[in-house]
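Not measured: the values here are computed from a predicted model. In what follows, every chain begins at residue 1, and chains take the letters A, B, ... in the order their sequences are listed.
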Number of protein chains: 2
Amino acid sequence: MVTSKDVAALAGVSQSTVSYVMSGSRSISPATRARVEAAMEQLGYHPNASARALAGQRAHVLGLVVHVTARTELAGVLPFVETVTGAAREREYDVVLVTGDEGDAGLERLARRGIVDAFLVMDVTRRDPRLGTLARLGRPTVLIGRPDEPLGLHWVDLDGRRAGELAVQELVAVGHREVIVLGEPVGEPGEEHRFIADFEDGARQAAERAGVPVALVRPPERGWAGVLAVRDRLVEGARRGGLVARTPQVAERVLQLLLEAGLDPARDTALVAMCEDDVARRLRLPVTNVSTESRPLARRAVDALFARLQGRTDLPDEQLVTPVLTRRTTTPGHPDRP
Amino acid sequence: MVTSKDVAALAGVSQSTVSYVMSGSRSISPATRARVEAAMEQLGYHPNASARALAGQRAHVLGLVVHVTARTELAGVLPFVETVTGAAREREYDVVLVTGDEGDAGLERLARRGIVDAFLVMDVTRRDPRLGTLARLGRPTVLIGRPDEPLGLHWVDLDGRRAGELAVQELVAVGHREVIVLGEPVGEPGEEHRFIADFEDGARQAAERAGVPVALVRPPERGWAGVLAVRDRLVEGARRGGLVARTPQVAERVLQLLLEAGLDPARDTALVAMCEDDVARRLRLPVTNVSTESRPLARRAVDALFARLQGRTDLPDEQLVTPVLTRRTTTPGHPDRP
DNA sequence: TTGAAAGCGCTAACAC
DNA sequence: GTGTTAGCGCTTTCAA
């Protein structure tokens, strides 16, 4: 193994000079820097991460907490995770994955052993049981999802109210005088996530402001069975007005039911889905969508985390990201696209 | 920060004794062990990971290489990742995520800096460009996916030939005398993955052995558009025989087209999909499926990796996992379920 | 069965 | 602008 000592010897400098060349934390003459860099190159030097972490009191690793439940949209988390690791790498950080199994003890272990310097927690609910532990651990932490009581932790979330509003406003704009919002399945604590509650609120209020009746339809269960159980109401509603689906899965199923009922979502009715843009484009029809902005959200979260890691406190403790609506074929007759 | 020195002082032993109590690598008298453990408990001691890694020459971290491409089935990777981290944790290992962006330099960095002790590489293609680097790095490595030239690296994969065979045999068993296999979109190098080539081979050969004609239908492109483009052939084929879909997405779309064409997949035709069991159960109809066994596959991969980490070489270098077929409603008329 | 002590490879005062 | 040196908190010989 090549160490910084070897590099120092070859370059004819001290070990600390090698260290300073790497960290840039003190000025080095161009000549010395060149010799050191040449030596590194020649020896194929790679600094040892454990030694650096031990001496520097920083692991250069952040913990990404992903708790997968039955309700998790599996396909949505990977782009998020990828964005996080990419953004972390730009700052010379690696990412360790924390899955739910270990619970709070796992978080404690990672923090106390110095395996991670900071936490990024995905899919935080309104009264998330992990928050107490995270606050107590005192490591820089950013939550994805808005809790009722942040306990001093920073959070980032999509603006649910605005998302619901955008969806309904689009339906109203294309001339619909009635709106059906497909909500969370009954019996499940849909209000667990602040975003969902806000979405339904925003949709309802936008409809009220427009003087248009809204129905919030909750399927009796999750999955196909739930959607099928409310099929008649949906198809009926679609004949008279427009539909809002809060997830791509539901959008896909609704689309299918509409087609089977002989309704063309691009002509006879309207549909707005909440999902990633690329998913919206790849559904059976390109569906008008309110974006979930998962990559921008991930970036903001990482930015906030590194700001804290660098001891900055001049930033807001909470950030709401504004979703964007993109018109596609399922909001026909829009004035901008006659 | 509480260190092993503090624990030693409180327990009235030397630091090395504390270390040996933790590692179990030398015998300790019950009395001493009890005192040390009590001291750890009392102080809330957590051993520092960097120090341990530096002294012990092991990071206790493995690198999970996930290269997400347009073809990646996003929903499929998370269960896999979760299983890997869970299995790693059982051996006191953590997992760092390696995404594709950094390429081979990223793998080199992780290995050379001693950030990871070993690699688990997902979604390996037949001539995967990463293999050269991985072989050169000399760290224990297990590939998920069978390369043409393993270069001495261990691999684990699902038995594609058997999977294709099972699907076709089921269709034949329920009385179909004609089979359509939905293959990879044309223009994409579908043979990139060994599993896919083997799957198509296995299906073809099983049909030949049964004296039944097979058609391999390749959609002209990926996504809905591709499936729609071959709709007529599929529906025609379904009227006369059975269908095989190699992914849950394709299965979902085929199901929909059949329903729209007035065919009930539970009565009028038959469909076998390759997908996870829980996905098969949650499609619009419970679909007969050949399992992808992603959790068992992940487990085997981790087992193989730890065997190598412990220097064991008494194991096969390659492992094929056998998929399992589960009959559900879309293979009607099976003799076992009249 | 236990202790003393020498590192592991780096960082960051403190010197000059 | 550079060198010297004392750790960071563990593991693991070597000795007893």
Between [atom2] of [N] and [atom1] of [X], the distance in whole Å:
X: A:Asn48; N: C:dC8; atom1: CG; atom2: P; value: 12 Å
X: B:Arg58; N: D:dT12; atom1: CZ; atom2: P; value: 10 Å
X: B:Ile115; N: C:dC10; atom1: CD1; atom2: C1'; value: 14 Å
X: B:Arg52; N: C:dC10; atom1: CZ; atom2: P; value: 21 Å
X: A:His60; N: C:dC10; atom1: NE2; atom2: C1'; value: 11 Å
X: A:Gln15; N: C:dG7; atom1: CD; atom2: C1'; value: 13 Å
X: A:Asp6; N: C:dG9; atom1: CG; atom2: P; value: 9 Å
X: A:Met22; N: C:dT11; atom1: CE; atom2: C1'; value: 9 Å

A:Pro47 vs B:Val13, nearer the 5' end of DNA chain C by closest nucleotide:
B:Val13
Contact nearer the 5' end of DNA chain C, comparing A:Met1 with B:Arg26:
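Residue closer to the 5' terminus by nearest nucleotide: B:Arg26.
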Indicate, with a heavy-atom threshold strictly under 4.0 Å, whether [X] touches base, sugar-phosphate, or nothing.
X: A:Gly114; answer: nothing
X: B:Ser29; answer: sugar-phosphate
X: B:Ser19; answer: base
X: B:Ser16; answer: base

Has [X] got a side-chain N or O lying under 4.0 Å from the OP1 or OP2 atom of [N]?
X: A:Thr17; N: D:dT2; value: no
X: B:Ser14; N: C:dA4; value: no
X: A:Ser4; N: C:dC10; value: yes

Considering only C:dC8, C:dT2, C:dC10, which nucleotide approaches the side chain of B:Leu54 most closely?
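For the B:Leu54 side chain, the nearest candidate turns out to be C:dC8.
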Regarding the side chain of A:Ala51, the nearest nucleotide among C:dT1, C:dG9, D:dC10 is C:dG9
Atom pair CG/CG of A:Leu143 and A:Asp157 - distance to nearest 0.5 Å
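Reported to 0.5 Å precision, the distance equals 10.0 Å.
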Can you find a side-chain donor-acceptor pair between [X] and [Y] that sits under 3.5 Å?
X: B:Gln15; Y: B:Ser4; answer: yes
X: A:Glu276; Y: A:Ser294; answer: yes
X: A:Ser50; Y: B:Ser50; answer: no

Criterion side-chain contact (heavy atoms from CB on, under 4.5 Å) on B:Leu74 and A:Leu74, from CA distance to verdict
CA-CA 7 Å; B:Leu74 295 178; A:Leu74 295 178; over 6 Å; no
Could you pick out which residue, B:Tyr20 or B:Tyr45, lies toward the 5' side of DNA chain D when each is mapped onto its nearest nucleotide?
B:Tyr45
